[in-house]
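Notes to accompany the following structure.
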Amino acid sequence: MNINLEKEGKNVEKNFSSIFITTFTTIFIAELGDKTQIATLMLSAESGKPIIVFIGSSIALISSSLVGVLIGKWLSNKISPNKFAFFTGLLMMIISIFLAYDILKHAI
């Protein structure tokens, strides 16, 4: 019985670290060079108060992430993982087609 508790503890820890590392890496890469980072850079340069800009931008990112997490939790209770993956992929394809058309319409 003690062995089962140790296995469960290791699975929970492994899942936590795996999820944490995946989430951190994905968000970190996605945020590099985007408009939020550029806005933060400009606000910091203009104000001369990088600590205040850091605190404000951190709270804003945490708040917007919280909205995403809560909506994701709500959706996970309403839609099966397979349907969610399908609709997410479909949405990404639609956005990609729209962006490609928007870029190429000047060349056509």
Ile71, Phe87: one ILVMFWY side-chain cluster at the under-4.5 Å cut-off?
no
Does Leu90 share a hydrophobic cluster with Ile95, counting links as ILVMFWY side-chain heavy atoms below 4.5 Å and allowing steps through other members?
no
If you round to the nearest 0.5 Å, how far is [atom2] of [Y] from [atom1] of [X]?
X      : Y     : atom1 : atom2 : answer
Thr26  : Ile21 : OG1   : CD1   : 11.5 Å
Phe24  : Ser17 : CZ    : OG    : 14.5 Å
Leu104 : Ile97 : CG    : CD1   : 12.0 Å
Ile59  : Leu66 : CD1   : CG    : 13.0 Å
Glu46  : Leu41 : CD    : CG    : 10.0 Å
Met42  : Ser47 : CE    : OG    : 11.5 Å

Can you tell me if [X] uses its side chain to pair, donor with acceptor, with the backbone of [Y] under 3.5 Å?
X     : Y     : answer
Thr23 : Ile19 : yes
Ser76 : Lys73 : yes
Ser57 : Phe54 : yes

Of the non-hydrogen atoms in [X] and [Y], which two are nearest, and what is the gap between them?
X      : Y      : answer
Thr36  : Glu31  : CB-OE1, 3.9 Å
Ile79  : Phe84  : CG2-N, 3.6 Å
Ile38  : Gly33  : CD1-O, 3.8 Å
His106 : Asp102 : CD2-O, 3.9 Å

As a test of understanding, state which of Thr22, Ile27, Ile29 forms a side chain to side chain contact (heavy atoms under 4.5 Å, CB included) with Thr25.
Ile29
